> 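Provided herewith is a single structure, encoded as structure tokens, for subsequent inquiry.
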Amino acid sequence: MDELNDQQQQRIKKLDVLRELGVQPYGTRFEATDRAGSLTRLHGEKSKEALEAERVTCRLAGRIVALRRFGKAAFAVLQDGADRLQVYLKKDLLTEQAYKVCEGLDLGDWIGVSGHLFRTKTNELTVEVAELAFLSKALRPLPEKWHGLTDVETRYRQRYVDLIANPQVHAIFAARSKIIAGIRAFLIEKGFLEVETPMMQPIPGGATAKPFVTHHNALGVDLYLRIAPELYLKRLIVGGFPRVFEINRNFRNEGISTIHNPEFTMLEFYVAYADYHDLIALTEELFSRLAREVLGTTTIEYQGKSLNLASPWRRWSYRQAILEVNKLNERVLTDRAAALAAAKQLGIEVEDKAAHVDILNEIFEETVEPQLIQPTFITDYPIEISPLARRKDSDPSLTDRFELYIAGREIANAFSELNDPLDQRQRFEAQDAQREAGDEEAHYLDEDFLRALEHGMPPTAGEGIGIDRLVMLFTNQASIRDVILFPQLRPEK
RNA sequence: GAGCCGGUAGCUCAGUCGGUAGAGCAUCGCCCUUUUAAGGCGAGGGCCCUGGGUUCGAGUCCCAGCCGGCUCACCA
């Protein structure tokens with residue numbers, strides 16, 4: 001413990017005062033049959049007279065977050081989850097011991113009370129306490145009652161204090177839970193099986209990213225924290241599960257920013273016999289349903305922008321979007337020199353030796369992405385940047401793939417899966433060549449995954465949705481750290 | 001990794017030109033049995049992020065570092 005300040009010392013002294021009164025400062029169970037929220041819902045509208053007549057008794061517990069004393073009586077506000085309820089502690093109504101406990105109460109202490117509901121002179125629903133149980137002593141003071149805790153670093157490092165002091169933070173994580181529960185219910189209703197696949201993988205696959213490495217002592221091998229579950233979920237499709245999903249953490253050893261945390265939560269799901277068009281429909285249905293369930297509307301506010309999640313959403317091919325946004329001639333799609341010239345004209349920095357596909361992608365990211373505010377499916381990505389996606393039958397240089405953009409940000413990535421083992425081997429080999437050429441993030445060749453495909457994978461469509469960014473969108477948060485309970489920070493001191 | 005901004009009491013923040021460290025809330029004492037940012041009177045509480053430097057004198061100026069935020073780069 002740090003050196004104690006005067007407030008902490010005062011509180012430690014009170015532990016002995018409680019013990020002398022025969023009260024355990026760290027007690028045991030208390031049967032809270034009521035919750036502040038449900039009491040308010042059930043009785044919050046009733047008049048003073050109706051409450052007096054009914055004489056509703058209740059029993060609840062919570063943390064004291066406000067305390068106003070008046071000589072021989074006091075009002076305390078109990079925080080119970082996301083809700084608060086005032087309680088009235090009056091000397092006349094309490095035992096001598098209970099009243100002495102009251103005199104030593106501090107902000108932050110946990111108590112349990114029972115009594116009956118009434119309305120005060122100022123018409124606030126309040127519990128008149130008949131019995132008081134002391135549950136737990138807080139030895140540190142709470143943040144200031146009016147401004148709460150605003151220091152961002154303390155909010156992230158000591159999320160417990162943030163949650164006590166800032167009720168709106170509570171609401172964000174309640175919404176996160178509701179979103180994830182909604183996704184589960186939706187997919188299970190559609191016949192999906194929820195599975196768990198390895199977080200520690202001998203070959204990190206399914207995405208292009210730098211992995212974390214760890215070591216297993218008994219096996220004497222290095223293992224990678226997964227960057228994606230994709231290749232394992234496809235193995236399960238080979239094994240005969242026609243619909244699977246996983247909601248779990250991915251780990252990427254890359255920068256930290258307002259939209260990147262080293263560990264983040266990903267939903268991936270795979271549907272046998274389907275293609276990416278089916279996933280477009282499924283995605284629209286999922287999002288509009290989530291919005292209605294969680295927010296009660298399909299029109300959402302995000303950082304000052306109004307977003308309409310009601311389907312259908314815009315579909316726009318990757319190449320068409322590049323041409324239309326920049327009013328470019330189709331020649332840039334086939335002529336590398338023309339693409340390079342166009343990029344330079346648009347003021348986009350591109351290395352002179354950059355590949356054609358990378359030049360176009362640079363143009364896309366710089367000029368198209370920021371415009372994709374309303375939900376938009378960008379379709380038909382080039383094959384070079386889609387190593388696991390199926391080729392388009394109509395154009396083998398493209399893939400049956402889409403990315404969903406909302407508020408200028410990529411929210412989902414989906415494609416008809418490549419199930420041709422020979423084509424997949426060639427794509428892996430192309431990625432290997434890029435690795436040889438110095439691309440640290442090229443996809444690794446996974447021999448066992450190829451063996452699985454050689455056993456035959458049915459036509460399958462698969463999709464990944466970044467849950468943290470989805471929660472940001474639904475809760476109107478600008479930073480990913482505000483939707484992750486314990487975001488990654490440098491260790492203290 | 002680079003640029004900009006910040007770090008002062010438990011919390012939220014002031015601190016002028018370099019001259020004895022301030023407020024509100026919280027805490028402690030006294031008064032107060034319907035308050036709600038309760039009120040009244042009184043009191044205590046500081047590693048001014050750390051380490052150097054300049055100066056008679058540094059919270060303040062300079063240098064280096066630590067931690068955080070934002071922007072950019074990489075990325076989902």
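Within every chain, numbering begins at 1; the chains are lettered A, B, ... in the order of the sequence lines, protein sequences first and strands thereafter. Just so you know, these numbers come straight off a predicted model, no measurement behind them.
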> Minimum heavy-atom separation for A:Ile385 to A:Arg401, with atom names?
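Reported closest heavy-atom pair: O-NH1, 3.0 Å.
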> Base, sugar-phosphate alone, or nothing: which one does A:Arg68 contact when heavy atoms must sit under 4.0 Å apart?
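Since a base atom lies under 4.0 Å of A:Arg68, the category is base.
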> What is the base-pairing partner of B:rU60, counting Watson-Crick and G-U wobble geometry with both distances under 3.5 Å?
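WC or wobble partner does not exist here.
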> Which nucleotide, in any strand shown, forms a Watson-Crick or G-U wobble pair with B:rC4, with both distances under 3.5 Å?
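Its partner is B:rG69.
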> So A:Gln10, base contact, sugar-phosphate only, or nothing? Heavy-atom distance under 4.0 Å.
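Sugar-phosphate: the residue A:Gln10, judged by heavy atoms under 4.0 Å, touches backbone atoms but no base.
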> Looking at residues at least two apart in the chain, or sitting in another chain, which of them share a salt bridge (Lys or Arg N to Asp or Glu O under 4.0 Å) with A:Arg481?
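A:Arg481: no salt bridge (Lys or Arg N to Asp or Glu O under 4.0 Å) contacts found.
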> Base, sugar-phosphate, or nothing: which does A:Leu142 touch, judged by heavy atoms less than 4.0 Å apart?
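No contact at all - A:Leu142 keeps every heavy atom at 4.0 Å or more from the nucleic acid.
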> Applying the Watson-Crick and G-U wobble criteria at under 3.5 Å, what pairs with B:rC48? Answer none if nothing qualifies.
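Looking at the geometry, B:rC48 pairs with no nucleotide.
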> Among residues at least two apart in sequence or on other chains, which ones pass side chain to side chain contact (heavy atoms under 4.5 Å, CB included) with A:Glu384?
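Listed in chain order: A:Val357, A:Pro382.
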> Cut-off 3.5 Å, no hydrogens considered: what does the side-chain donor-acceptor table look like for residues 348-356 of chain A, sequence neighbours left out?
| from | atom 1 | to | atom 2 | distance (Å) |
| --- | --- | --- | --- | --- |
| A:Asp352 | OD1 | A:Lys344 | NZ | 2.6 |
| A:His356 | NE2 | A:Val332 | O | 2.7 |

> Between A:Arg235 and A:Asp446, does any NZ, NE, NH1 or NH2 come within less than 4.0 Å of an OD or OE carboxylate oxygen?
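Judged by the 4.0 Å cut-off on N to carboxylate O distance, A:Asp446 and A:Arg235 do form a salt bridge.
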> Collect all protein-nucleotide pairs involving nucleotides 70-73 of chain B in which both atoms are nitrogen or oxygen and the distance is under 3.5 Å.
| from | atom 1 | to | atom 2 | distance (Å) |
| --- | --- | --- | --- | --- |
| B:rC70 | OP2 | A:Arg481 | NH1 | 2.9 |

> Would you call the rings of A:Tyr224 and A:Tyr444 parallel, tilted or perpendicular, where under 30° means parallel and over 60° means perpendicular?
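Ring orientation of A:Tyr224 relative to A:Tyr444: tilted.
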> Can any side-chain N or O of A:Tyr26 pair as donor or acceptor with the backbone N or O of A:Lys137 at less than 3.5 Å?
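Looks like yes, one N/O pair under 3.5 Å.
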> Starting at NE2 of A:His147 and ending at P of B:rU12, how long is that distance when rounded to a whole Å?
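A:His147 atom NE2 is separated from B:rU12 atom P by 10 Å.
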> Taking pairing as Watson-Crick or G-U wobble with both contacts under 3.5 Å, can you name the mate of B:rC28, or confirm there isn't one?
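Base partner found: B:rG42.
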> What contact category does A:Arg157 fall into here, base, sugar-phosphate, or nothing, at under 4.0 angstrom with non-hydrogen atoms?
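The answer is sugar-phosphate, as A:Arg157 gets under 4.0 Å only of primed atoms, P, OP1 or OP2.
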> Using the side chain to side chain contact (heavy atoms under 4.5 Å, CB included) criterion, which residues pair with A:Gln371? Sequence neighbours excluded.
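So A:Gln371 forms a side chain to side chain contact (heavy atoms under 4.5 Å, CB included) with A:Val325.
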> Please output the side-chain donor-acceptor pairs of residues 80-92 of chain A that fall under 3.5 Å, not counting sequence neighbours, one pair per line with the distance.
| from | atom 1 | to | atom 2 | distance (Å) |
| --- | --- | --- | --- | --- |
| A:Asp80 | OD1 | A:Arg35 | NE | 3.0 |
| A:Asp80 | OD1 | A:Arg35 | NH2 | 3.0 |
| A:Asp80 | OD2 | A:Arg35 | NE | 3.0 |
| A:Asp80 | OD2 | A:Ala36 | N | 2.8 |
| A:Arg84 | NE | A:Gln79 | OE1 | 2.7 |
| A:Arg84 | NH2 | A:Gln79 | OE1 | 2.7 |
| A:Gln86 | OE1 | A:Arg68 | NH2 | 2.9 |
| A:Gln86 | NE2 | A:Thr126 | OG1 | 3.0 |

> Under 4.0 Å, counting only non-hydrogen atoms across every strand here, what does A:Arg409 touch: a base, just sugar-phosphate, or nothing?
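If one applies the 4.0 Å heavy-atom cut-off, A:Arg409 turns out to touch nothing in the nucleic acid.
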> Do any of residues 96-116 of chain A sit with a heavy atom less than 4.0 Å from RNA chain B, and if so which?
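Per residue number, the list reads A:Leu107.
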> List in numerical order all residues of residues 44-60 of chain A for which some heavy atom is under 4.0 Å away from an atom belonging to RNA chain B.
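Correct list: empty, so none.
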> Contact class for A:Asn253 (heavy atom, under 4.0 Å): base, sugar-phosphate, or nothing?
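Here A:Asn253 touches no strand at all.
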> Hey, is A:Glu96 close enough to A:Lys100 for a salt bridge, meaning N to O under 4.0 Å?
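Answer for the salt bridge query: yes.
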> Considering every strand shown, what is the Watson-Crick or G-U wobble mate of B:rU54 when both distances are under 3.5 Å?
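By the stated definition (distances under 3.5 Å), nothing pairs with B:rU54.
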> What is the ring orientation for A:Tyr381 with A:Tyr318, classed by angle as parallel under 30°, tilted 30 to 60°, or perpendicular over 60°?
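Ring orientation of A:Tyr381 relative to A:Tyr318: tilted.
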> Using a 4.0 Å heavy-atom cut-off, does A:Asp468 contact any base of the nucleic acid, only the sugar-phosphate backbone, or nothing at all?
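No contact.
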> Would you jot down, in residue-number order, the residues of residues 350-365 of chain A having a non-hydrogen atom under 4.0 Å from RNA chain B?
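Of all residues in residues 350-365 of chain A, none places a heavy atom under 4.0 Å from RNA chain B.
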> In residues 74-87 of chain A, which ones come under 4.0 Å of RNA chain B, going by heavy atoms?
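Residues of residues 74-87 of chain A under 4.0 Å from RNA chain B: A:Phe75, A:Gln86.
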> Can you tell me if A:Lys46 has over 12 outside heavy atoms packed within less than 6.0 Å of its NZ?
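Yes, NZ of A:Lys46 has more than 12 neighbouring heavy atoms, counting only those of other groups under 6.0 Å.
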> Answer with base, sugar-phosphate or nothing: what part of the nucleic acid does A:Gly148 contact at a heavy-atom distance below 4.0 Å?
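Contact class for A:Gly148: sugar-phosphate only.
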> I want to verify a distance call: between B:rG68, B:rA76, B:rC11, whose nearest atom is closest to the A:Glu153 side chain?
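Of the candidates, B:rG68 comes closest.
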> Side chain of A:Thr150, base of B:rU12: donor and acceptor closer than 3.5 Å?
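It does not, because no donor-acceptor pair links the side chain of A:Thr150 to the base of B:rU12 below 3.5 Å.
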> Would you mind reading off the distance between A:Gln9 atom CD and B:rC28 atom P, rounded to a whole angstrom?
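In whole Å, B:rC28 P lies 12 Å from A:Gln9 CD.
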> Is A:Arg315 salt-bridged to A:Glu284, going by a charged N under 4.0 Å from an acidic O?
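Here A:Arg315 pairs with A:Glu284 in a salt bridge, since their nearest N and O are under 4.0 Å apart.
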> Distances under 3.5 Å only, N/O to N/O: pair up the protein atoms with those of nucleotides 41-45 of chain B.
| from | atom 1 | to | atom 2 | distance (Å) |
| --- | --- | --- | --- | --- |
| B:rG44 | N2 | A:Asp6 | OD2 | 2.6 |

> Once salt bridge (Lys or Arg N to Asp or Glu O under 4.0 Å) is applied, do any residues pair with A:Asp34, and if so which ones, sequence neighbours excluded?
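For A:Asp34, no residue satisfies salt bridge (Lys or Arg N to Asp or Glu O under 4.0 Å) once neighbours in sequence are set aside.
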> With the criterion set at under 5.5 Å between ring centres and under 30 degrees between planes, would B:rG24 be stacked on A:Trp146?
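No, A:Trp146 does not stack on the base of B:rG24, since the centre distance and plane angle fail the 5.5 Å and 30° test.
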